[in-house]
Engineer: 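Following this message is one structure expressed as structure tokens.
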Amino acid sequence: MEKETHEIKRLDGTRIKFILKGIVVGILVGLLVSLFRLAIEYISERVVGLYLYFQQHPMWLIPWVFVSIVTAIIIGFLMRSDPNIKGSGIPQVEGQLRGQIKMNWLSVLWKKFLGGVLAISSGLFLGREGPSIQLGAVVAQGYSTFLKSTKSEEKILISSGASAGLAAAFNAPIAGLLFVLEEIHHSFSPLVWLTSFSAAITANFISLYFFGLRPVLYIGEITALPLQYYWTLVLLGILLGVLGLLYQKVLLALPQIYGKIKGLSPSFYGIIPFILVIPVGFFFPHLLGGGNQIVLELGRQSPTLWFLVGLFVLRFIFSMVSYGSNMPGGIFLPILTLGAVIGTFFGVVLVNTIGMDPIFVKNFLIFAMAGYFTAIGKAPLTAIILVTEMVGNFSHLMSLGVVALVSYVVVDSLGGKPIYETLLERLVAPNESNISGQKTIIEFPIMAESSLDDTMVRDFTWPKDMLLTSIRRGESELLTHGDTVMHVGDVLIILTDEGISQQVKEEIERRTELH
């Protein structure tokens, strides 16, 4: 029986303070990421214009090859000076919040900004969202340093910065919040979600001021899919699950593939995609970049099946070539673009085989974006809301949910893992979980499937090198004793060393699994 003498600490005042701090983070991140987007869009338009000019004057491709190589070398030196700017940046943010990666926020800030602008705007098949999330995180880290925050407060602010970064990159504040909760924390913390939500809303407002109210991937009005076609959603989900697993396998094999290149430092692998993208730009200049323009064009008209197959193969291969080089750029938008191509292909097949009205092809375009992202990232809620906010239509949540659920089940059954967690595991050295001498607070939520439900604190074998300090239950925080009974919905507040925080969390998860 739980004692009634537990001390209770109200959090209301703390929450207001964190909301205000989240607003400040949102303003800073919104401004920075908006400038990041503007720089990429401005230069990208000029690059496409150059390729159109090269079609009339091909001799100018020779100096352009030189410019491309020099650009890749500049980015390579940036990555060599700070390896934390490589890739999308999302695994680095997750590792930072777990205490497994240390970052110099100022170094990452300007090098990721410059490297991301150069890589993405040059036409490589990379997205802006990963760098935007990392930029948001380091801005929040810098703000936390200015405030001289505690370690736990710093992590909350970094989480809010990541949320704001995604919100500003795609004008998707709810998706930014869900991404932090579902993909990074895998739990629900009142302070994290309040701070992250206030930061995301603020950053989105700043971004809307620069780019307007029109959704990023607005493809016009979309008619609701009739129930008679819902059986096709299951087939689409299965297809996306299989193709999502293929994407994971190829992406994770890229280090071995690039590793076969002799005589070239990994920091300068970017020379390869920078050279290979030139013929793509020469023949298909409008297919360069992350791919948002491709999604918009597919929403206007449905090409032939063979064109869609060729487009998928081209985008898939060059997305891998671009990301495998460790260039500062993300995979969010390239994944959504590939999903849109798959969905359009699937819709056209249905039109040709069962006589479905072509008006519904756009439906499968958006369904497949969510399903494909779910299959690769294994974050279905984020995928559903992200696509919904990006296309600006909230009338297809049921259809999106069916496709996302089926694709998740398929890829999970086939052994697929969340891509960002897997990338983080490869990024962090095996000896990274040593004692660091720095204390940190971690939160562990008790889920419905946990054996901790209705268990006394003294009846569970806790990992060593940790201390259960309190339990957050609803609006209250309870100091724990041996006879405190834990329940579903409780959040355990645990004090441990920063270097082994993730190890402690994983050990508790392993010991509390119901078999």
Side-chain angles (χ1 to χ4, degrees), residues 1-15 18 94 97-99 151-153 155-156 159 177-197 378-382 401 404-405 408-409 412-413 417-418 421 433 439-515:
M1 194 62 189
E2 189 174 339
K3 293 184 178 180
E4 299 293 331
T5 57
H6 290 165
E7 297 181 29
I8 298 176
K9 180 178 68 176
R10 296 292 176 182
L11 303 175
D12 297 332
T14 302
R15 290 176 179 175
F18 273 93
E94 291 192 20
L97 290 171
R98 292 181 178 185
K151 203 66 184 176
S152 58
E153 180 178 333
K155 291 184 176 181
I156 293 174
S159 300
L177 170 64
L178 285 176
F179 175 80
V180 167
L181 298 178
E182 185 179 28
E183 175 65 35
I184 295 182
H185 285 279
H186 308 290
S187 62
F188 185 91
S189 166
L191 283 182
V192 170
W193 90 259
L194 280 172
T195 312
S196 298
F197 191 41
K378 298 191 75 173
L381 294 179
T382 301
L405 179 61
Y408 182 95
V409 171
D412 193 61
S413 301
K417 296 181 179 180
E421 284 193 16
S433 59
K439 294 181 292 183
T440 189
I441 295 291
I442 61 174
E443 298 183 353
F444 187 89
I446 300 179
M447 306 298 186
E449 66 271 16
S450 174
S451 62
L452 288 176
D453 184 32
D454 291 331
T455 300
M456 286 188 180
V457 170
R458 65 167 175 250
D459 292 335
F460 181 73
T461 304
W462 301 95
K464 61 179 182 179
D465 300 322
M466 58 144 284
L467 176 65
L468 176 62
T469 61
S470 61
I471 295 177
R472 184 178 300 130
R473 180 173 297 162
E475 299 293 312
S476 305
E477 191 164 329
L478 313 175
L479 297 180
T480 57
H481 302 277
D483 56 356
T484 299
V485 179
M486 299 171 286
H487 301 289
V488 169
D490 287 351
V491 178
L492 308 182
I493 310 300
I494 297 170
L495 177 67
T496 186
D497 185 90
E498 185 178 27
I500 60 171
S501 59
Q502 184 61 23
Q503 179 182 323
V504 168
K505 192 172 183 179
E506 291 174 354
E507 181 63 19
I508 297 175
E509 289 175 348
R510 186 184 65 79
R511 297 185 185 187
T512 56
E513 289 179 350
L514 291 178
H515 299 285

Engineer: Drop me the distance from I494's CD1 to F444's CZ, to the nearest 0.5 angstrom.
Structural biologist: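 Between atom CD1 of I494 and atom CZ of F444 there are 7.0 Å.
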Engineer: Just jot down the salt bridge (Lys or Arg N to Asp or Glu O under 4.0 Å) partners of K151, sequence neighbours excluded, or say none.
Structural biologist: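 Only E154, E498 meet the salt bridge (Lys or Arg N to Asp or Glu O under 4.0 Å) criterion with K151.
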Engineer: Distance from L495 atom CG to T469 atom OG1, nearest 0.5 Å?
Structural biologist: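 Going from CG on L495 over to OG1 on T469, the span is 6.5 Å.
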Engineer: Taking the side chain as every heavy atom from C-beta outward, state whether D454 and M486 have any atom pair closer than 4.5 Å.
Structural biologist: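 Contact flag for D454/M486 side chains = no.
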Engineer: Can you name the nearest heavy-atom pair linking L492 to L468, along with the distance?
Structural biologist: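 Closest pair (atom of L492, atom of L468, distance): CB-CD1, 3.7 Å.
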Engineer: Might you point out which heavy atoms bring P463 and E507 nearest each other, and give the distance in Å?
Structural biologist: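 Of all heavy-atom pairs spanning P463 and E507, the closest is CG-CG, 3.6 Å.
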Engineer: Decide side chain to side chain contact (heavy atoms under 4.5 Å, CB included) for E443 and R472; before the verdict, give the C-alpha distance in whole Å, the side-chain angles of both, and the deciding distance to 0.1 Å.
Structural biologist: CA-CA 9 Å; E443 298 183 353; R472 184 178 300 130; 3.1 Å; yes
Engineer: Students often mix this up, so state it plainly: with edges at 30° and 60°, are the rings of F197 and W193 parallel, tilted or perpendicular?
Structural biologist: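 The rings of F197 and W193 sit tilted, inter-plane angle from 30° to 60°.
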Engineer: So does L177 get a backbone contact from the side chain of S196, meaning a donor-acceptor N/O pair under 3.5 Å?
Structural biologist: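 Absent.
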Engineer: I need the minimum non-hydrogen distance between P380 and A404, along with the two atoms involved.
Structural biologist: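 Looks like CB-CB, 4.4 Å.
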Engineer: Whether the side chain of T496 engages the backbone of D465 through a donor-acceptor N/O pair (distance < 3.5 Å, no angle test) should be reported.
Structural biologist: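 Yes, T496 side chain to D465 backbone: donor-acceptor pair under 3.5 Å.
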Engineer: Can you tell me how far the CG atom of L467 sits from the CD1 atom of I493, to the nearest 0.5 Å?
Structural biologist: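 Those atoms lie 12.0 Å apart.
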Engineer: Among residues at least two apart in sequence or on other chains, which ones pass side chain to side chain contact (heavy atoms under 4.5 Å, CB included) with L381?
Structural biologist: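 Counting only residues at least two positions away or on another chain, L381 forms a side chain to side chain contact (heavy atoms under 4.5 Å, CB included) with L178, E182.
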Engineer: Decide yes or no on side chain to side chain contact (heavy atoms under 4.5 Å, CB included) for V457 and H481, but give the supporting numbers first.
Structural biologist: CA-CA 7 Å; V457 170; H481 302 277; over 6 Å; no
Engineer: Does S470 form a side chain to side chain contact (heavy atoms under 4.5 Å, CB included) with L478? I'd like the steps, not just the answer.
Structural biologist: CA-CA 5 Å; S470 61; L478 313 175; over 6 Å; no
Engineer: Under a 4.0 Å threshold between the charged nitrogen and the carboxylate oxygen, would E421 count as salt-bridged to K417?
Structural biologist: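 Not counted as a salt bridge, because no side-chain N and carboxylate O are separated by less than 4.0 Å.
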Engineer: Quick one: salt bridge (Lys or Arg N to Asp or Glu O under 4.0 Å) partners of K378, sequence neighbours excluded?
Structural biologist: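 Scan of K378 (salt bridge (Lys or Arg N to Asp or Glu O under 4.0 Å), adjacent residues dropped) gives D412.
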Engineer: Quick check: does any side chain N or O of D453 sit under 3.5 Å from a backbone N or O of V488, one acting as donor and the other as acceptor?
Structural biologist: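 Yes: the side chain of D453 pairs with the backbone of V488.
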Engineer: Less than 4.5 Å apart, side chain to side chain, heavy atoms only: is that true for V491 and I471?
Structural biologist: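 Not in contact.
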Engineer: Is any side-chain heavy atom of R510 closer than 4.5 Å to one of E506?
Structural biologist: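 Contact flag for E506/R510 side chains = no.
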Engineer: When you look at H487 and I446, which way does the side chain to side chain contact (heavy atoms under 4.5 Å, CB included) test go after all the steps?
Structural biologist: CA-CA 7 Å; H487 301 289; I446 300 179; over 6 Å; no
Engineer: So does V192 get a backbone contact from the side chain of T195, meaning a donor-acceptor N/O pair under 3.5 Å?
Structural biologist: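 Not at all, since once roles are kept as given, no pair shorter than 3.5 Å links the two residues.
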Engineer: What distance do T480 atom OG1 and D490 atom CG have between them, rounded to the nearest 0.5 Å?
Structural biologist: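 Reported to 0.5 Å precision, the distance equals 11.0 Å.
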Engineer: If we only count heavy atoms from C-beta on, is the R511 to T461 side-chain gap below 4.5 Å?
Structural biologist: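 Yes - at least one pair of side-chain heavy atoms lies under 4.5 Å apart.
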